[in-house]
Amino acid sequence: MDLSELNDAQRRAVTAGDGPHLVVAGAGTGKTRTLVHRVAWLIEQGVPPEGIVLLTFTRRAAGEMLDRVARLVGGRARGVRGGTFHSFANTALRRHADRLGYSPSFTILDRGDAEALVGMVRGELGLGSTEQRYPKRGTLLDVLSRATNTHRTIAQVLDDQYPQYAHLEPDLQRLAVRYAERKQEQGVMDFDDLLVMLARLLRDHEEARRRLSHAARHVLVDEYQDTNRLQASIAALLSSVHGNLMVVGDEAQSIYGFRGADVRNILDFGQLYPNCPVTVLEENYRSVQPILDLANGILETATTGYDKHLRSSLPSQELPVLADVMDEHAQAEVVVRRVLELREGGTSLDEQAILARASHHTHLLELALSEAGIPFRKYGGLRFSEAAHIKDVFALLRLVANPRDVLAWFRVLSWSKGLGAKTAQRIGDSVAAADDPQLHPAAYKGRGYHADLVDLAGFLEDAAPLVADVGALVDLTIAYYKERIVDIHEDWKKRLKDLDSVPLLAERFTSLDQFLAEVALDPVEAADADEAVDDEVLTVSTIHSAKGLEWDAVHLVQLGDGAFPSAFSLDDPDELEEERRLFYVAVTRARRHLMLVWPRFVRARRGPVMGPGCVLLDTIPHLHDLLETVKPTRRPWSEGPQAADADEIERIARLLDYFD
DNA sequence: TCCTATGCCTTTCCC
DNA sequence: AGGCATAGGA
C-alpha cells in the first residue's frame with residue numbers, strides 16, 4: 001500500500017501501534033482518507049478484517065469508506081464490520097437477544113412509533129387526562145430519551161431542560177417503567193434500547209461480551225465529537241479486551257448536542273486513557289483559502305475557544321459571496337441563477353449543493369428549481385418511509401415478522417370502519433398477551449368489522465409461509481393494501497405510485513427482519529425512492545445531513561435570526577454556540593465556490609416577520625473583507641404583503657429604503 | 001364507543 | 001398550518 005500520498009501526521013495515525021489513539025482532525029484535513037488508510041493498513045498487517053469494527057455516524061459514510069478501503073486492498077475489505085452504533089447494535093443483538101429476554105426477530109420502533117407507544121402508556125396510566133398543560137407524548141419521550149443518552153436521572157433532565165415539568169417527576173418515573181415493560185412484552189425496541197441493550201450485554205453477560213469484544217481487535221470511531229455517553233461507553237467496552245480504540249473527531253464540528261451528544265467525550269478522551277497518543281491533522285486539502293478564512297472567522301466568534309486555524313495550500317482570488325437579498329423569492333432567483341452560471345463555467349450539478357438549516361427552508365427554492373428544469377435530490381426532512389401509506393405497508397409486514405407488535409396491530413385495525421382506538425388497542429393487547437399470538441376473528445362475529453378481521457387473518461395466514469421470500473411477501477402485502485387504500489386515504493391516487501417503489505427497496509434483502517430493521521435504522525430518503533434518476537443531479541440538503549460530505553460549490557440559504565440561527569437557540573448561549581458550529585460545518589463543505597444567501601425579509605409561518613439581523617454574520621470580525629457582498633436589484637414587489645398590519649408595513653418600507 | 005367540529009398551541013436538526 | 005385534545009351528537 002502506498003503511503004506516500006499522506007502527510008506526516010496522517011501517516012502517524014495510519015501506522016500507529018496498538019492501544020488507544022485520539023485523532024483530532026479539523027474540517028477537510030483528510031480525516032476520511034486517514035481512517036480508510038488505517039483500516040487498509042491494519043488488513044495488510046495481517047489483522048483479520050472481521051476483527052475490525054468501524055463505527056460511523058451514518059450508513060452512507062460507512063459504505064463510502066468501505067468502498068474506498070476495497071479500492072486499496074480489494075475484496076478483503078468486505079469482512080470489515082462497519083456501520084452506525086445503532087446498526088452494529090442491531091446485528092449484535094439479533095444474535096444474543098435471548099439473553100436479554102427478547103426474541104431475535106424483535107421489531108425496531110422509529111421515533112413516531114415510540115411516541116405512539118408512549119401515548120398509549122400514558123393513557124393506560126391515566127396520566128394527564130385531567131390536568132392541564134400536560135407535556136405532549138413527544139416531550140415525554142424526549143425526557144426519557146435524554147436521560148438514557150446522557151446517563152442522567154429523569155429528575156436531572158427535568159431540572160436542566162424542562163423545569164416547568166419538574167413536579168411531574170413521579171409520573172415520568174412510572175411512565176418510564178411501564179414503557180419499558182410494554183416494549184419488552186411486545187418484543188420491540190426503540191433506538192435508545194438498541195444502545196442500552198448492547199451496553200447491558202457487554203457489561204452483564206460474560207459470554208456475550210467475550211464473543212463480541214474478543215472479536216473486536218480494532219475499534220475505530222468516526223465523528224467522535226457527536227457520540228453520546230452511552231455510545232462512548234459502548235466503544236470503550238467493546239475495545240476493552242484488546243485495548244485498540246482509535247477515535248477521530250473535531251470538537252468544532254459538534255452539532256448533535258440536541259440529541260444528547262457530549263463534546264466531553266472527545267475533550268476528555270485523554271483523561272480516560274492517560275498517555276494516549278494524540279495526532280492532530282491541520283492541513284486542509286479541501287477548500288480554497290478564502291473559504292477557510294471565513295471558516296476561521298466563524299470559529300473566532302465562538303465563545304468556547306477552539307484552538308484551530310485552518311490553512312490551505314489552495315490559493316484563490318475568489319471570495320465567498322454574500323447575497324444580500326430582499327426575500328425568499330429573490331433568494332430562489334439568485335440561487336437558481338448562480339447554479340446555472342457555475343454549471344456553464346464547468347461545475348456540474350453533481351458538484352453543487354444547496355444547504356439549509358431546516359428542511360422546510362428550501363420549499364420555495366425547490367419549486368424554483370423545478371421551474372428552471374434543474375434536477376435535484378433532497379436529503380433530510382420527511383423520509384419516504386415515513387409517509388403514512390408506506391408506514392401502513394410496513395405495519396402489515398411487521399405483523400408478519402412479529403405478531404406481538406401492538407403498534408402495528410393498532411395501525412392496521414384502525415382501517416376498519418366502526419373500529420376505533422379503544423377497540424384496536426384491546427384487540428392488539430389481547431393478541432400480544434396470548435401464548436400463541438394470533439388474530440381470532442370469530443370472537444368478533446356480528447360486529448361491522450368482522451369481515452375485515454377475517455380478511456386480515458386470511459392475509460396473515462397466506463403471508464406466514466413467505467417470511468423467507470421477502471420479494472413474494474412484499475408483493476402479496478402490496479396487493480392486499482392496494483385493495484384497501486381507497487378507504488384509508490382520501491388522496492390515495494397520488495400515494496398509489498409510491499407503493500410500487502417498495503418491492504425495489506426490498507430486492508436486496510433475503511430476510512424480513514433484516515429488511516424491516518434496515519428501513520427503521522436508515523429511513524429511505526424521498527430522493528432515493530424516485531425511479532427517475534437523472535445522471536446529473538443537484539443536492540438539496542439540511543446541513544446535518546450534509547455532515548462529512550463536500551462539493552465544489554455550496555449555496556447556503558436562509559441566513560437570518562430565527563431561521564439560521566434557529567429561533568429556539570436565540571436566547572440560549574449554548575445552543576447559539578451549536579448554531580455557530582453548524583455554520584462552520586456548512587461553510588467547510590465547499591471546495592471552491594461558496595455563496596451565503598441572506599434574505600432580509602422572511603415571513604414566518606405565524607407571528608412577526610423576521611428582522612434583518614443575523615448574529616452568525618454580524619459577530620464575525622472584518623466580515624466585509626472576507627466576503628464579496630452582492631445586492632441583486634430588487635425584483636418588483638409582485639406578491640405584495642397580504643393583510644399587512646401597520647408595523648409590518650413600516651418594516652417593509654424600511655427594507656425597501658435599504659434596497660434602493 | 002365512534003366520529004366530527006372546534007379551538008388551542010407549537011413550530012429544528014436525526015440514529 | 002396543522003396536529004392534538006376535548007366536547008358533544010350519533
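Side chains are part of it too, since the values below use all heavy atoms of this structure and drop only hydrogens, waters and symmetry mates. Every chain is numbered from 1, with letters handed out A, B, ... down the list of sequences.
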Not counting sequence neighbours, which residues clear side chain to side chain donor-acceptor pair (under 3.5 Å) with [X]? List them please.
X	value
A/Asp160	A/Arg152
A/Arg81	none
A/Arg137	none
A/Lys183	A/Asp190, A/Asp193

Short side-chain N/O contact from [X] to OP1 or OP2 of [N], under 4.0 Å:
X	N	value
A/Ser545	B/dC14	yes
A/Thr542	B/dC14	yes
A/Arg137	C/dA5	no

Looking at [options], which one has an atom nearest to any side-chain atom of [X]?
X	options	answer
A/Arg111	B/dC15, B/dC13, B/dT11	B/dC15
A/Arg426	B/dT1, B/dC13, B/dC14	B/dT1
A/Thr58	B/dC13, B/dC15, B/dT11	B/dC15
A/Thr84	B/dC15, C/dA5, B/dC14	B/dC15
A/Arg122	B/dC15, C/dA5, B/dT12	C/dA5

Examine the base of B/dC13 for any acceptor or donor lying under 3.5 Å from a partner atom in the side chain of A/Arg357, and report the outcome as yes or no.
->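 In this structure, the two groups form a donor-acceptor pair.
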Rounded to whole angstroms, how far apart are [atom1] on [X] and [atom2] on [N]?
X	N	atom1	atom2	result
A/Ile255	B/dC15	CD1	P	11 Å
A/Arg259	B/dC13	CZ	C1'	9 Å
A/Arg229	B/dC15	CZ	P	23 Å
A/Leu230	B/dC15	CG	C1'	12 Å
A/Leu194	B/dC14	CG	P	19 Å
A/Asp142	B/dC13	CG	P	14 Å
A/Ile427	B/dT1	CD1	C1'	13 Å
A/Asp190	B/dC15	CG	P	15 Å

Could you say whether A/Phe568 or A/Leu521 is positioned toward the 5' end of DNA chain B, judged by the nucleotide with the nearest heavy atom to each?
->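 Upstream on the strand: A/Phe568.
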With a non-hydrogen cut-off below 4.0 angstrom, is [X] in contact with a base, only sugar-phosphate, or nothing?
X	result
A/Ser359	sugar-phosphate
A/Arg447	nothing
A/Phe85	nothing

Please answer whether B/dC13 and A/Phe258 are stacked, defined here as ring centres separated by less than 5.5 Å and planes angled under 30°.
->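 Yes.
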List for me each residue that meets ring pair (Phe, Tyr, Trp, His ring centres under 6.0 Å) alongside A/Tyr256, sequence neighbours excluded, and say none if there are none.
->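 Testing A/Tyr256 for ring pair (Phe, Tyr, Trp, His ring centres under 6.0 Å), a comparison that skips the adjacent residues, returns A/Phe57, A/Phe258, A/His544.
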Min side-chain heavy-atom separation A/Ser430-A/His440 under 4.5 Å |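 No; the side chains remain at least 4.5 Å from each other.
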Just the atom pairs and distances: protein N or O near nucleotides 2-5 of chain B's N or O, under 3.5 Å.
unit_1: B/dC2; atom_1: OP1; unit_2: A/Gly420; atom_2: N; d: 2.7
unit_1: B/dC2; atom_1: OP1; unit_2: A/Thr423; atom_2: OG1; d: 2.2
unit_1: B/dC3; atom_1: OP1; unit_2: A/Gly418; atom_2: N; d: 3.0

Would you say the side-chain atoms of A/Thr227 pair up with the backbone N or O of A/Glu223, donor to acceptor, closer than 3.5 Å?
->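 No.
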Anything under 30° is parallel, anything over 60° is perpendicular, the rest tilted; go ahead and classify A/Tyr449 against A/Tyr444.
->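 Ring orientation of A/Tyr449 relative to A/Tyr444: tilted.
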